[in-house]
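Here is the naming used below: chain letters follow the sequence lines, and residue numbers restart at 1 for every chain.
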Amino acid sequence: MHNTIRIVFLTALALSTTACVAPGLYQWGDYEQGLYSAYKDPTQVESLRKKIENHILEMEKTGQKVAPGLYAEVGTFYLQAGSPDQAIAMYAKERDAWPESKGLMTAMIQNLEKRQKAKQESSK
Amino acid sequence: MKNLLSVAVAIFLTACVAQPIKKDLSAFEAAAPRSILVVPIVNKALDVDAPNYVLAALPVPIADKGYYVFPVNTTKFVLEQEGFYEGDRIHQEPTPVLARLFDADSVLYVTIHRWDAQYVFFTTTVTVEFEYRLVSREGVELWSEKKKLAYQPQNSTSGPPLAQLLSAVINAAITRAAPNYMPLTQQANRQVFILSPNAIPDGPYRTTQKK
């Protein structure tokens, strides 16, 4: 009896959900969950970066659109970890995938390149 | 799991059935933003973790609605580089200044009004209340919404009354010790941006994918 109710319930839920809500446009991997775990425990940042990077690779391999912001978030994790070159590469991917991000990404990339150049010149 | 399911259904039903008066969206339609910058949250609750949780739960529903959402953690990072650490301080900044800094079409401000777990008669009620305000890069308010959601994890065991009572007490104590706000926060955001009749209109990426 209980099981029947449950099945009816779940079917109703499934039907009503599809009727009312359009499916999500993107796959997010572990982004949402991982982001708040990383805010709670900053030692999780690196594992979050790896998880999102793997997720992005998976999306690219299967020809699916990478969700807005994911490339840039990985870029910022690299930047915070002291790897500006990888950050620049990721920001460039975000810029190419999403025209709305062009202004910000271009500014971030130029800024980083300027810093890189200044660093190289001072070490000469 | 069962509890979650019933919460989901209850929330879902109210979202779909309720038909409040439609808001005027002419300013929104005139501005037709393609991108939304979600800035760090203002917290009027006591829990210091609340703003980060709410921030993390915003990009998915807004992107699903068809907008380009600026990466929230990158946004936070950039603002910190500019010397803005606190949500309160950021919300005071003129919208055109923020929008120009990120080249965003619109800015979303979210304030947490409630985020608490109250323990009354062997049950714990977890409550969240958020206020949302979307402003165009010119500084015109495009849309706003308030959402309050509460849930009481119920115990589904049957048996002798004393056992039931004990199970309720334990259940409530566990919820109070570590209330899980995330499902409620995600539901609130989904309702406000996707399910509600007063949700924002579909963004450019949703309409192009429509069949």
Side-chain angles (χ1 to χ4, degrees), chain A residues 2 6 9-10 12-14 16-17 19-29 31-42 45 48-49 52 65-80 87 90-91 94-95 97-108 111, chain B residues 2 5-6 8-9 12-13 15-17 33-38 49 51-78 81 99-105 181-182 185-186 189-190 194-195 202-206 208-211:
Chain A
H2 246 96
R6 223 185 144 136
F9 203 56
L10 282 173
L13 179 71
S16 55
T17 309
C20 212
V21 190
L25 293 179
Y26 317 102
Q27 306 274 334
W28 293 84
Y31 176 66
E32 192 176 271
Q33 186 91 26
L35 196 56
Y36 70 77
S37 303
Y39 281 137
K40 218 175 161 61
D41 175 9
V45 170
L48 173 60
R49 191 203 75 219
I52 304 178
K65 183 101 183 167
V66 173
L70 290 190
Y71 287 120
E73 298 288 49
V74 171
T76 300
F77 292 140
Y78 271 122
L79 184 57
Q80 287 172 311
M90 282 300 182
Y91 290 150
E94 180 80 17
R95 177 198 62 203
W98 301 97
E100 294 82 3
S101 75
K102 199 175 168 193
L104 178 64
M105 292 303 126
T106 307
M108 306 251 324
N111 213 316
Chain B
K2 229 174 177 177
L5 190 68
S6 42
V9 173
F12 169 77
L13 287 177
C16 251
V17 174
R34 296 182 57 87
S35 64
I36 297 179
L37 176 74
V38 184
D49 290 330
N52 286 334
Y53 280 74
V54 175
L55 189 66
L58 283 162
V60 174
I62 302 174
D64 272 347
K65 195 64 182 167
Y67 293 90
Y68 177 75
V69 186
F70 281 84
V72 288
N73 190 57
T74 300
T75 302
K76 199 169 181 278
F77 171 75
V78 170
Q81 301 299 303
R100 255 202 311 273
L101 184 60
F102 290 86
D103 198 14
D105 293 345
Y181 292 98
M182 255 354 248
T185 302
Q186 287 162 330
N189 290 343
R190 274 200 92 69
I194 297 173
L195 302 171
D202 283 352
Y205 291 101
R206 167 65 64 194
T208 49
Q209 300 221 355
K210 242 183 204 165
K211 278 158 211 156

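- Only the backbone of V69(B) comes within contact range of chain A, with heavy atoms under 4.5 Å apart.
- Two residues are said to be in side-chain contact when any heavy atoms from C-beta on lie closer than 4.5 Å; K76(B) and T76(A) fail this criterion.
- Looking at L70(A), there are no atoms closer than 4.5 Å to chain B (heavy atoms on both sides), in backbone or side chain.
- What you find for A56(B) and E32(A) is that their closest heavy atoms are O-CG, 3.3 Å.
- When all heavy atoms are compared, the tightest approach of F77(A) to N73(B) is CE2-ND2, 3.2 Å.
- Taking D103(B) as the reference, R137(B) meet the side chain to side chain donor-acceptor pair (under 3.5 Å) condition, with sequence neighbours excluded.
- Within a 6.0 Å radius of NZ in K102(A), other residues, nucleotides and ligands contribute 12 heavy atoms or fewer.
- With sequence neighbours left out, the ring pair (Phe, Tyr, Trp, His ring centres under 6.0 Å) criterion links Y39(A) to no other residue.
- Here E94(A) contributes atom CD and F70(B) contributes atom CZ; the two are 9.0 Å apart, rounded to the nearest 0.5 Å.
- Of the listed residues (L58(B), D49(B), V72(B)), the greatest number of heavy-atom pairs within a distance under 4.5 Å of chain A belongs to V72(B).
- Nearest heavy-atom pair across A63(B) and W28(A) is CB-CZ2, 3.4 Å.
- Remark: the backbone N or O of Y36(A) is not paired with any side-chain donor or acceptor of N52(B) at under 3.5 angstrom.
- Contacts of L101(B) with chain A are made by backbone atoms alone, with heavy-atom separations under 4.5 Å and no side-chain atom involved.
- V78(B) touches chain A through its side chain: at least one heavy atom from C-beta onward sits under 4.5 Å away, while N, CA, C and O do not.
- Atoms OG1 and CG, from T74(B) and L79(A) in turn, are 9.0 Å apart once rounded to the nearest 0.5 Å.
- Between the side chain of E100(A) and the main chain of A104(B), no donor-acceptor pair closer than 3.5 Å is present.
- In this structure, chain B has a heavy atom under 4.5 Å from the side chain of Q80(A), while its backbone stays farther away.
- Using cut-offs of 30° and 60° on the angle between ring planes, the pair W98(A) and Y205(B) is perpendicular.
- Of the two parts of Y71(A), neither the backbone nor the side chain holds a non-hydrogen atom closer than 4.5 Å to a non-hydrogen atom of chain B.
- Contact of F77(B) with chain A is made through the side chain alone, with heavy-atom distances under 4.5 Å.
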